[in-house]
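So the structure is just underneath, and the comments pick up after that.
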There are 2 protein chains.
Amino acid sequence: MVMPASAVAAPESGVPGSMGDVRRSNLSLVLGRIAEAPAGVHLSRAQVASATGLTKASVSSLVLDLLEAGLVREVGLSQQGRGRPSVGLELHPARSVMGMEINVDYISAGVTDLAGNLLVRETQERDNRSGGHVPVLAALAGLAAKVRAAAGDGGVQVLGGGLAVPGLVDPAAARVLTAPNLGWTNVDLDLGALLPDVPLGVELFNEANAAALAELRHRPDGASDFVFVSGEVGVGGGLVVGSELFTGPGGHAGEVGHIVVDPEGVRCSCGGTGCLETLSGQDAILAAAGIAAESRTRTESIEALVRALNDGQPRALSAVERAGRYLGVALASTARVMNIGSVVLGGHFAVLDPWLRVPLLNSLERYAPGRFAPEQVGLSAVGQAGALLGAAGSVVRSLVDAPHRLQ
Amino acid sequence: MVMPASAVAAPESGVPGSMGDVRRSNLSLVLGRIAEAPAGVHLSRAQVASATGLTKASVSSLVLDLLEAGLVREVGLSQQGRGRPSVGLELHPARSVMGMEINVDYISAGVTDLAGNLLVRETQERDNRSGGHVPVLAALAGLAAKVRAAAGDGGVQVLGGGLAVPGLVDPAAARVLTAPNLGWTNVDLDLGALLPDVPLGVELFNEANAAALAELRHRPDGASDFVFVSGEVGVGGGLVVGSELFTGPGGHAGEVGHIVVDPEGVRCSCGGTGCLETLSGQDAILAAAGIAAESRTRTESIEALVRALNDGQPRALSAVERAGRYLGVALASTARVMNIGSVVLGGHFAVLDPWLRVPLLNSLERYAPGRFAPEQVGLSAVGQAGALLGAAGSVVRSLVDAPHRLQ
DNA sequence: ACGATTAGTTTATTGCCTGAACTATATGCG
DNA sequence: CGCATATAGTTCAGGCAATAAACTAATCGT
């Protein structure tokens with residue numbers, strides 16, 4: 001049995017299908033084609049018809065719905081050879097979505113159009129570890145309102161949003177289960193208050209999961225199956241299987257940072273023992289490299305580490321070597337369990353790639369021989385903004401999956 | 001984003017939906033309800049209608065199709081209080097599917113009806129390690145023909161089949177990538193020749209995956225998310241997520257036996273290092289327990305081990321303790337990556353449960369604290385026949401998913 | 001100017017589900 | 001016995017969505 005194709009025409013499993021589902025499915029199909037077109041290329045109704053297999057008549061009718069919903073816009077005429085010129089179709093540039101991020105030492109909010117172009121973004125430095133979650137959310141709501149107003153001045157309407165936090169989340173319940181680096185446990189978020197009066201609401205994401213979605217959208221190779229591992233203080237992970245985020249039964253799969261890579265290892269902040277994070281997280285690497293964390297921001301510490309590596313300091317080199325080796329152990333196990341043989345490195349793993357790559361590849365070859373070609377280990381295509389872009393993009397994705405929600 | 005519900009009305013992603021898809025979806029829905037009913041309970045059209053949400057008119061029409069396809073049968077009348085008595089519906093008892101299994105030292109074939117009751121089964125002892133795959137498949141084809149004839153004498157028609165093999169498979173290509181214990185590498189199977197002239201063909205499965213499907217069907221608690229781990233010479237695994245087998249992008253996810261649990265460990269038959277199999281597989285346990293494998297079948301060796309455990313022999317106890325401990329390491333990592341907190345033990349893990357359970361639970365608590373309640377570690381409900389039942393049952397499942405294939 | 005060519009719309013048809021009316025078959029009570 | 005009541009299942013008109021084919025619209029080439 002193969003993974004099911006993503007549900008196209010069904011409202012839910014176990015519920016009767018009716019012709020309305022067909023309409024929804026085909027609306028999604030048409031909107032998806034229009035959204036997929038490269039920037040600057042505007043498909044015509046006829047092109048959409050031949051690309052989807054729908055008839056011209058059906059596409060005309062479906063496009064009419066999308067125009068009325070304000071999701072799609074007609075743009076100029078264009079002539080291809082003989083015949084009547086075609087009317088271009090594009091995602092409506094005045095419809096947008098918001099991405100938000102709460103991290104340890106900043107909050108951030110940004111608006112992208114439906115094609116994923118960042119229109120506005122603001123980041124606010126802020127120590128989010130003290131004072132609990134209430135002031136953080138209040139500050140973020142303010143920042144979001146500001147960014148939204150800026151977008152609104154440009155005539156852009158925000159349809160919905162996504163929020164990324166560095167911790168375990170229950171998206172259905174809008175609840176942060178644990179975010180060790182924020183010191184949050186079982187925090188219920190009022191997502192509605194964060195971005196009031198948007199038709200599509202606000203979705204909650206784990207940071208690495210959101211970043212994985214951003215990678216999915218922006219990867220030049222168009223890979224549809226990979227593990228994204230993000231090295232921060234913690235080690236986060238996001239699993240993309242069949243161009244979908246895999247979140248598991250409870251919504252928080254992908255904790256690559258807590259794979260056990262050394263059963264005799266030290267205690268982890270998660271309560272476990274010998275997790276990858278205890279050997280390849282930032283604190284572990286900096287400590288092993290002999291770089292004191294005190295009186296420095298984390299960015300500065302990583303910069304110091306890179307200098308040490310460039311200087312060829314043995315302690316730094318062996319610290320990174322160890323991190324790469326154990327990262328390989330965890331990814332080898334992931335490859336075996338999930339059958340994914342492609343990796344995208346983010347956070348400090350991307351920064352340290354020049355020194356990390358060889359030990360990582362060696363480790364992969366030792367623990368999962370023949371499963372990872374070197375070109376299957378890539379670096380993040382979106383970098384720092386990944387979580388925000390991914391959270392925003394996921395709203396677009398859910399909109400494309402169910403365009404009827406805006407009618 | 002949550003796992004998509006299984007596609008109900010869509011043929012495939014990226015293809016236009018039409019009204020025929022609605023029909024297919026609803027056929028599946030109706031057949032599914034009829035199949036779900038407990039043994040001996042026969043739903044009426046009216047009950048199916050209220051259970052599914054379809055109208056009586058639609059259900060009547062859909063049931064007619066299923067009757068004509070021979071998938072469903074009307075059975076007697078039954079009176080519930082007042083009113084016209086209802087006509088019972090059941091899966092047609094004369095339609096059946098075949099499950100087949102190739103293992104190291106036997107081949108087996110059996111026929112079950114669509115409700116999963118085993119009608120005939122034959123097992124043939126056979127050394128499948130020598131001589132390559134051709135004679136094995138010839139022998140299995142013979143055995144299948146025999147079993148099919150026996151079922152045919154009872155008036156039962158075989159609609160399709162499933163074959164389980166102990167190795168990595170590519171189901172789409174009908175290819176066994178590697179089956180170390182059989183000595184097979186990149187073997188293409190002619191599944192059509194194995195069971196000629198069946199309308200639904202033959203599907204190929206990894207043995208543990210098939211067994212996981214059988215567990216899914218027969219679990220008393222009706223769990224829909226679990227890891228099945230089967231202890232044999234190798235350690236196999238099957239992942240069930242949302243009542244679906246998770247096979248990963250390439251079709252061979254779930255290799256729990258090759259999670260790295262000891263990076264400094266010994267070489268594994270898969271080419272890796274420190275795999276779970278090298279510490280919790282049968283050979284590893286028997287060797288650590290000091291039980292010589294020579295001049296015994298594997299069953300006898302395990303029996304000897306159980307005697308030693310009952311006698312309280314320290315070497316045997318510590319061997320099993322170690323196996324349980326490392327099994328816990330692997331399952332803790334699986335829980336983190338897949339977000340699955342429920343386990344079903346099969347093979348020797350089930351047999352050794354009295355001695356294995358405590359170290360396993362301790363290990364789970366150490367490496368993934370709070371994720372596994374003791375009652376979430378269960379034993380196989382189907383035992384030895386699991387792979388065969390699962391392979392057969394998967395054909396029923398795919399038939400319920402797409403009943404129109406028989407019309 | 002006019003045919004060729006391509007884009008998009010209109011119209012008739014088909015398939016499928018729905019709701020309401022209808023038929024069928026039982027029970028229970030006077 | 002007869003009739004009200006209740007439940008199962010069928011028939012039929014209506015609506016929606018996709019399709020195919022005919023039709024209108026707009027442009028190019030000669």
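Just so it is clear: chains get the letters A, B, ... in the order the sequence lines come, proteins before strands, and each one is counted from 1. All values reported here derive from a predicted model rather than from experimental measurement.
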Rounded interatomic separation in angstrom, taking [atom1] from [X] and [atom2] from [N]:
{"X": "K56(B)", "N": "dC17(C)", "atom1": "NZ", "atom2": "C1'", "answer": "15 Å"}
{"X": "D21(B)", "N": "dC17(C)", "atom1": "CG", "atom2": "C1'", "answer": "14 Å"}
{"X": "L29(B)", "N": "dC16(C)", "atom1": "CG", "atom2": "P", "answer": "16 Å"}
{"X": "L62(B)", "N": "dG9(D)", "atom1": "CG", "atom2": "P", "answer": "14 Å"}
{"X": "R23(A)", "N": "dC17(C)", "atom1": "CZ", "atom2": "P", "answer": "18 Å"}
{"X": "D65(A)", "N": "dC16(D)", "atom1": "CG", "atom2": "P", "answer": "13 Å"}

Note to self: With a cut-off of less than 4.0 Å, is there a side-chain N or O of N26(B) near OP1 or OP2 of dC16(C)?
What the structure shows: no

Check: When you check the phosphate oxygens OP1 and OP2 of dG19(C), does a side-chain N or O of T55(B) lie under 4.0 Å from one of them?
Finding: no

Return the nearest nucleotide to the side chain of [X]; candidates are [options].
{"X": "R82(A)", "options": "dC28(D), dA18(D), dT18(C)", "answer": "dC28(D)"}
{"X": "S18(B)", "options": "dA20(D), dT27(D), dA18(D)", "answer": "dA18(D)"}
{"X": "M19(B)", "options": "dT19(D), dA4(C), dG15(C)", "answer": "dG15(C)"}

Item checked: Residues touching DNA chain C, which here means a heavy atom under 4.0 Å, drawn from residues 43-52 of chain A -> S44(A), R45(A), A46(A)

Do [X] and [Y] meet the criterion of a side-chain donor-acceptor pair at a distance under 3.5 Å?
{"X": "S25(B)", "Y": "S28(B)", "answer": "no"}
{"X": "S224(A)", "Y": "R219(A)", "answer": "no"}
{"X": "S58(A)", "Y": "S61(A)", "answer": "no"}

Notebook entry, point to check: Side chain of R84(B), base of dA8(D): donor and acceptor closer than 3.5 Å?
Noted result: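 Looking at the base of dA8(D), it does pair with a donor or acceptor on the side chain of R84(B) (distance under 3.5 Å).
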
Next item on the list: Drop me the distance from L114(A)'s CG to H92(A)'s NE2, to the nearest 0.5 angstrom.
Entry: 9.5 Å

Notebook entry, point to check: Which value, rounded to the nearest 0.5 Å, describes the distance between L200(A) atom CG and R405(A) atom CZ?
Noted result: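 Between atom CG of L200(A) and atom CZ of R405(A) there are 5.0 Å.
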
Next item on the list: Among L64(A), L31(A), D65(A), find the residue that satisfies the side-chain contact (heavy atoms from CB on, under 4.5 Å) test when tested with V72(A).
Entry: L31(A)

Next item on the list: Among L54(A), V48(A), L62(A), find the one that has a side-chain contact (heavy atoms from CB on, under 4.5 Å) with L29(A).
Entry: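 Only one option passes, and that is L54(A).
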
Check: Which residue lies toward the 5' end of DNA chain D, L54(A) or P85(A), if each is placed at its nearest nucleotide?
Finding: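 By nearest-heavy-atom nucleotide position, the 5'-most residue is L54(A).
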
Heavy atoms only, 4.0 Å cut-off, all strands: where does [X] land among base, sugar-phosphate and nothing?
{"X": "S86(B)", "result": "sugar-phosphate"}
{"X": "L77(B)", "result": "nothing"}
{"X": "V87(B)", "result": "sugar-phosphate"}

